[in-house]
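Note that this is a predicted model, so its numbers are computed, not measured. Here, residue 1 is the first one in the sequence, and each next residue gets the next number.
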Amino acid sequence: MAAVVVSLLGVRRLCRVLLFLSQFYILSGGGSLNLDLSQPLAQSIKDPGPTRTFTVVPRAAESTDIPPYVMKCPSNGLCSRLPADCVECKTNFSCVYGKPVTFDCTVKPSVTCVDQDFKSQKNFVINMTCRFCWQLPETDYECSNSTSCMTVSCPRQRYTANCTVRDHIHCLGNRTFPKMLYCNWTGGYKWSTALALSITLGGFGADRFYLGQWREGLGKLFSFGGLGIWTLIDVLLIGVGYVGPADGSLYI
């Protein structure tokens with residue numbers, strides 16, 4: 001019985017020694033167990049696998065843009081005094097030219113206006129004169145200017161201008177239209193000064209020099225006014241306005 005107990009104790013000690021040696025061997029990095037475990041770990045770090053890309057679709061933003069015509073429309077003003085760009089009217093082209101006529105109008109979206117009693121309204125009536133926009137007087141529209149046309153020519157020259165009706169004016173048809181206008185710009189030359197120089201010093205070409213016509217001025221200077229004939233002719237031409245500034249502008 002004692003021999004059996006001794007043998008069991010020896011087997012238990014042997015198992016403890018073997019277990020200790022195996023744990024020491026694994027912790028020291030030896031054996032194939034370390035290689036088998038480290039290789040998949042390294043592979044998982046170096047090769048992360050295929051990546052996925054996701055496209056984020058933004059939500060449609062609500063339109064909050066303010067119409068450009070709103071900048072011209074006074075808020076809470078009288079509807080009948082709104083600029084033409086702020087209202088939409090039912091045009092009656094059968095009206096008689098030059099006669100008073102009334103149009104039924106409605107304010108455009110985002111425009112607020114009131115009536116005579118300061119009550120908000122959308123539909124109202126506008127009183128105006130029956131005429132097309134291009135038939136308005138010159139004070140009711142603005143046109144582009146031109147400085148390239150000759151104004152001192154016979155007949156007087158015209159140029160094509162683009163005209164736009166003023167905001168507070170109501171009319172029929174397009175509010176922007178082309179129109180032939182007379183050249184009417186000035187370079188600062190005075191007709192009285194040019195005529196006085198032509199009468200007093202015209203024989204020396206002073207009038208032509210003043211108007212910027214240097215070649216004619218030199219011709220009159222060296223010919224003593226064409227022996228008086230050229231001087232007399234220039235007095236008449238400047239007096240009637242036929243000869244003017246060299247830049248083509250009008251007299252002041």
Side-chain angles (χ1 to χ4, degrees), residues 67-74 77 80-103 105 108 126-198 206-217 233-252:
Y69 59 80
V70 176
M71 303 301 295
K72 297 182 179 180
C73 308
S80 58
R81 295 185 180 181
L82 285 175
D85 294 336
C86 304
V87 300
E88 294 179 350
C89 300
K90 295 180 179 180
T91 305
N92 182 13
F93 290 99
S94 62
C95 60
V96 180
Y97 173 76
K99 298 296 182 178
V101 63
T102 58
F103 288 154
C105 301
K108 291 184 177 180
I126 286 182
N127 298 319
M128 55 176 290
T129 303
C130 179
R131 56 189 172 186
F132 287 95
C133 294
W134 59 270
Q135 295 173 323
L136 292 172
E138 295 182 358
T139 55
D140 291 342
Y141 55 83
E142 297 178 348
C143 299
S144 58
N145 294 324
S146 175
T147 58
S148 60
C149 58
M150 296 293 294
T151 60
V152 286
S153 60
C154 187
R156 188 177 175 186
Q157 288 189 358
R158 295 173 180 259
Y159 70 97
T160 303
N162 292 324
C163 303
T164 303
V165 181
R166 299 183 186 275
D167 292 337
H168 64 282
I169 303 297
H170 298 274
C171 55
L172 301 177
N174 295 328
R175 299 184 60 83
T176 300
F177 52 89
K179 197 165 188 177
M180 298 295 296
L181 299 179
Y182 285 110
C183 301
N184 59 356
W185 67 286
T186 178
Y189 297 95
K190 293 184 178 180
W191 172 82
S192 58
T193 303
L195 182 60
L197 291 175
S198 182
D207 51 352
R208 294 283 184 165
F209 286 128
Y210 172 74
L211 296 175
Q213 303 175 6
W214 296 96
R215 289 179 296 182
E216 291 81 354
I233 294 175
D234 273 357
V235 171
L236 297 176
L237 295 178
I238 294 176
V240 299
Y242 185 81
V243 174
D247 58 4
S249 64
L250 292 175
Y251 288 114
I252 295 177

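- Counting all heavy atoms, side chain and backbone alike, Val243 lies closest to Leu211 at CG1-CD1, 4.0 Å.
- Both the sub-6.0 Å distance and the 45° axial angle are satisfied by Arg158 relative to the ring of Tyr182.
- Here OH of Tyr141 is found 2.5 Å from NZ of Lys179. Values are rounded to the nearest 0.5 Å.
- Other residues, nucleotides and ligands contribute at most 12 non-hydrogen atoms within 6.0 Å of the NZ atom of Lys190.
- Side-chain contact between Pro83 and His170 is absent, with no heavy atoms from C-beta onward closer than 4.5 Å.
- Among all heavy-atom pairs drawn from Ser144 and Ala161, the shortest one is O-CB, 3.5 Å.
- Within the 4.5 Å cutoff, the side chain of Cys89 has heavy atoms near those of the Ile126 side chain.
- Separating the CG atom in Leu236 from the CG atom in Leu195 is a distance of 10.0 Å, to the nearest 0.5 Å.
- Nearest heavy atom pair, residue Lys108 against residue Asp85, reads NZ-O, 3.0 Å.
- Note that the CG atom of Asp207 and the CD atom of Gln213 stand 8.5 Å from one another [nearest 0.5 Å].
- When side chains are defined from C-beta on, Asn162 does not count as touching Cys143, because their heavy atoms never get closer than 4.5 Å.
- Checked against a 6.0 Å centroid threshold, the rings of Phe132 and Phe177 do not count as neighbours.
- Using a 4.5 Å heavy-atom threshold, the side chains of Ile238 and Ser198 count as touching.
- In this structure, SG on Cys163 lies 13.0 Å from CG on Asn174, to the nearest 0.5 angstrom.
- Residues Met180 and Thr160 come closest through the heavy atom pair SD-OG1, 3.1 Å.
- Between Cys133 and Leu172 there is no side-chain heavy-atom pair separated by less than 4.5 Å.
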Salt bridge (Lys or Arg N to Asp or Glu O under 4.0 Å) for Glu142 and Arg166? Distances and angles first, verdict last. CA-CA 7 Å; Glu142 297 178 348; Arg166 299 183 186 275; 2.7 Å; yes

Side chain to side chain contact (heavy atoms under 4.5 Å, CB included) between Ile169 and Leu136: does it pass, once the steps are laid out? CA-CA 9 Å; Ile169 303 297; Leu136 292 172; 3.7 Å; yes

Does the pair Lys99 and Thr129 meet the rule for a side chain to side chain contact (heavy atoms under 4.5 Å, CB included), with working shown? CA-CA 6 Å; Lys99 298 296 182 178; Thr129 303; over 6 Å; no

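- To the nearest 0.5 Å, the span separating OG1 on Thr164 from CG on Asp140 amounts to 13.0 Å.
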